[in-house]
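Here's the structure, in structure tokens; my notes come after.
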Amino acid sequence: MWRFVLRRLLQMVPVVLGTTFLIYVLVFALPGDPIRVLGGDKPMPPSVYEALRHHYHLDEPLVVQYGRYLLGLFRGDFGETLNGQSVSSLMASSWTVTAQLALTAWIFELGMGIALGVWAGLRKGGIVDSLVLSGTTFVIAVPQFVLGYSAQLVFGLKLGLFPTVGTDDGWPYSYLLPGMILGSLSLAYIARLTRTSLVENMRADYVRTALAKGLPRRRIVVRHTLRNSLIPVVTYLGIDLGNLLAGAIIIEGIFNLPGIGQQVFLAIQVKDGPTVVGISTFLVLIYLAANLVVDIVYGALDPRIRYE
Amino acid sequence: MSETADTLAVAQTGSEVVGASASLWSDAWRELRRRVMFWVSVAILLAMGLMAAFPALFTDRGSNDRCDVKLAKHRPPSWNPFAARGHPFGYDTHGCDYWAQIVHGARAPMIVGFVVTGIALSLAIVLGSLSGYFGRWLDTIISRLTDILFGLPLVLGALVILTAFPDHGVWTMSLVLGVLWWPTMTRLMRGQVLSVRDADYVQAARMLGAGDVRIMARHILPNAIAPVFVYAMLNVGVVIGYEATLDYLGVGLQYPTVSWGLQLSQAQELFVDYPYLLIYPAILLTATVLSFLLLGDAVRDALDPKLR
Amino acid sequence: MNTPDPAPGTPLLQVDDLHVEFRMRGSTVGAVNGLSYRLEEGETVAILGESGSGKSVSAQAVMGILDTPPARVTKGAVRFRGTELLGLPEKRRRTYRGAKIAMIFQDALSALNPVHRVGDQIAEMLIVHRGMSRRDARKRAIELMDHVRIPSAASRAGDHPHQFSGGMRQRVMIAMALALEPDVLIADEPTTALDVTVQAQIMKLLSDLQEEMAMGLILITHDLGVVADVADRIVVMYAGRAVEEAAVKDLYARPAHPYTEGLLASVPRVDVRDRALSPIKGAPPNLAAIPSGCPFHPRCPRAREERCAGEVPALRDVTGTGHWSACHYAEEVLGG
């Protein structure tokens, strides 16, 4: 088990290096000069300009800059934004917002998604099943931003059920509507995945055995099929944590939540390289950590899986 | 054993396998023919395809043609577009006939949807089969590469690259997204090839002396490709939704290009007072995405005999 | 349970004119078309047939575990010690399953739940039906595993099905089926998925346990060789019907139906040397379009006139000593 974790951690190293390097190169390729952006409209004396370039190591070759960045990263230093703020402290302030948003979305999709999927799967071909199937397809087909601002208008402004912008009302109230919108797409996938998986498992041979054992239907569903059916769903739920953080870029914009999605979006626009790279690296690390947790949980759920 | 016997045996195994996959598709077709949803989605997609290819069939105006700022945001005369004459969808924010703009808005998302999927599918078929069939170091390299791209959230990657090339048109955007899009399909393709590679009939063909190219082309690809194909079909719809999202974030297509995504994006602030600006393009976009999803679903169900 | 004492002479299990249909998208397939047989206390009956002959489906109908839909019992009766099972409400029917009539399946790997420990899967029977405590049930499960000769049962009870070999897995299935000491055990191709040497061990175990517990045993198989030593009587099924029923010795020595004759001629026998094997011509019948008259007539070497194609032969006692055959010319077949 620990060898498995260690091996997976080692496998992650090239992925982390590759991904951060990729982002580094991309950000480096952003047109325009960040130092000029920093100076604003006022002309900047060449000496100051050179000094700033040197301060941010922009006068060194790309690979050296990247190496320097990596070294910092190992010490837990995510670098410095162009305003001189440390990226770590920037993330610390915005991270809690995104974490609460993602958590709300995650709880919503987990609870509702599995419940709807099980309900539909047990009544395959019935009205509930058709409603769940068509409803989820619809949610998948409508772009999330349209869903987001329509919901903001209808449930927030018109009906006044939820706060529409900002985080003034704290968790969970401020995060309910954005969280549900953020989780809606995954909810649709989870409901469908749970349904398919349950329907498949209900046809499995071991269900016939359970019937032949004279078990009540309720026990067959709860003790025998559900656990088997949820194995792929758990995988999805884990990997989805990364997707939720990325989806926050859109949702935080609509609902004006000051999370890391907003930060990275703004940073891209002002070509603030260190912030973009820092936040991206952080997202990658979370994504990989979630993957590792999924693999471990997977083994606990399915005894056939061995940690090789 | 004589050489003719060998050739004969190879030819027979070959034709059997090809025959099997051919009957898979013809069975699927027979199954599809009697599904209402299949025909509904095909009809919608044909209409949208015609709109994208020959907008002149639907409107006599060009894109951004005969616009008059004085007419900006003139509401449609009636909520029932079929009852109204003249300009049934009203005017957009620039005073262009909204129906004409929506018709012209079909082309960009359709091109992006198909080109991105095409690029990703081609890359996935090549990389996935190489990686699955030959294994070893080739597999390691390709798999790590997919891991790296998986770690990078797609929105983030697209945001950074598209910001780096601010003057991109439909084709550049498709290229950028296509390059980011292949990992999922490649993993799928690799898994398919792996599962077919060790099948008995492939072993038989190999023992009878068939070469790698022949085994790949005649035995592995025809049997591995169906699920990847279905995924690609669904994927066109997903890409179209994505294109709209990037338009919304301001890094997608720019004026004077006309696209549903831009229209939806512009509608956001005006949606409260001018809901038609949102509703009409949203209906067309959702119908298109939905049709791709339903078509993909229908084909997948038809190809999977277990679900019948 | 509240089963009334059956009248003397009532068979342990009686299947009467059983019909099972599969309805799929407009077409109806008759999987079992009027099957009748009886099982006495302590007796072993083998049901023999090709795949698609309806042998497994009829067993599932007896258990009441058909996939409904698409499968449905349309006619017939299944009586356990005189109690009709088919009309019982599910709640009461369930008390028979596992407790009075138990069943084991061909592929124990897929028939056991992959995510639960085998000990718990056996114990579940006792917890649900007898209301035993988890602890006592586990203890009993280990005894049962020991009883079916699984080595070091106490430690293996905590293992999962995939950690066992094929033969050991089938033993787990048997232990589970016997947990409530049922009166009837239905074994659906219990050894088909196993190696030949293991097959013999499992058959030996089944017949030992049957004798020890005085159960009725229904052995479903397509393999003539497997049942020869174990069964008392054999029911041969074709196209969802019984075509011949006889004591094992009689059936082997003098088959009274051309299909049985064909089956015997198509397997090698140790006792008859240098005999040419002759497979049965043609393909098993399409159940959606069962041939008219005697369903076997298109493949039958003895078929003639319009009689075989036009008239369904009834199952009748040909010798007057309990050798039943559904062939118009059974006497002729008997004569060789």
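Computed from a predicted model, the values in this text were never measured in an experiment. Atoms considered below: every heavy atom in the structure, side chains included; atoms not considered: hydrogens, waters and symmetry mates. Lettering of chains follows the sequences in order, A, B, ..., and the numbering in each one begins at 1.
Heavy atoms closer than 4.5 Å to chain A are found nowhere in Leu145(B), neither backbone nor side chain. Heavy-atom distances place both the backbone and the side chain of Ser150(A) under 4.5 Å from chain B. Heavy-atom distances place both the backbone and the side chain of Phe150(B) under 4.5 Å from chain A. With a 4.5 Å cut-off on non-hydrogen atoms, Leu154(B) does not touch chain A at all. Heavy atoms closer than 4.5 Å to chain B are found in the side chain of Leu153(A), but not in its backbone. Interface remark: Tyr287(A) contributes side-chain atoms only to the contact with chain B (heavy atom separation under 4.5 Å). Only the side chain of Val264(A) has a heavy atom closer than 4.5 Å to any heavy atom of chain B. If you measure heavy-atom distances from Leu290(B) to chain A, the contacts under 4.5 Å come from both the backbone and the side chain. Proximity to chain B (any heavy atom under 4.5 Å) is shown, for Phe21(A), by neither the backbone nor the side chain. Contact of Ile254(A) with chain B is made through backbone and side chain together, with heavy-atom distances under 4.5 Å. Within the 4.5 angstrom heavy-atom criterion, only side-chain atoms of Val146(A), from C-beta onward, approach chain B. Heavy atoms of Leu149(B) lying under 4.5 Å from chain A belong exclusively to its side chain.
You'll find the side chain of Asn228(A) reaches within 4.5 Å of the side chain of Tyr206(A), heavy atoms only.
Checking side-chain atoms of Thr117(B) against main-chain N and O of Phe114(B) turns up no donor-acceptor pair under 3.5 Å. Between the side chain of Tyr98(B) and the backbone N or O of Leu277(B), at least one donor-acceptor pair lies under 3.5 Å. Side-chain atoms of Ser134(A) come within 3.5 Å of backbone atoms of Leu131(A) as a donor-acceptor pair (strictly under, hydrogens ignored).
With no hydrogens or angles considered, no side-chain donor-acceptor pair links Thr225(A) and Asn201(A) at under 3.5 Å. The closest side-chain donor-acceptor pair between Asp247(B) and Ser259(B) falls under 3.5 angstrom.
For the set Leu293(B), Leu285(B), Leu294(B), the entry with the most heavy-atom pairs within less than 4.5 Å of chain A is Leu293(B). The choice from Val155(B), Ile240(B), Leu249(B), Val238(B) that makes the most heavy-atom pairs within less than 4.5 Å of chain A is Leu249(B). The most heavy-atom pairs under 4.5 Å with chain A, out of Thr288(B), Leu264(B), Val251(B), come from Leu264(B). Ranking Leu283(A), Leu285(A), Leu288(A), Thr137(A) against chain B, the residue ahead of the rest is Thr137(A), based on heavy-atom pairs under 4.5 Å.
Residues Gly252(B) and Met173(B) share a closest heavy-atom pair of CA-CE, 3.8 Å. Minimum heavy-atom separation, Leu303(B) to Ala226(B): CD1-CB, 3.9 Å.
Ring geometry, Tyr274(B) versus Tyr276(B): the interplanar angle exceeds 60°, so the pair is classed perpendicular (tilted spans 30 to 60°).
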Practice task
Might you work through the side chain to side chain donor-acceptor pair (under 3.5 Å) test for Gln263(A) and Thr275(A), ending with a clear yes or no?
Solution key: CA-CA 8 Å; Gln263(A) 298 289 359; Thr275(A) 308; over 6 Å; no
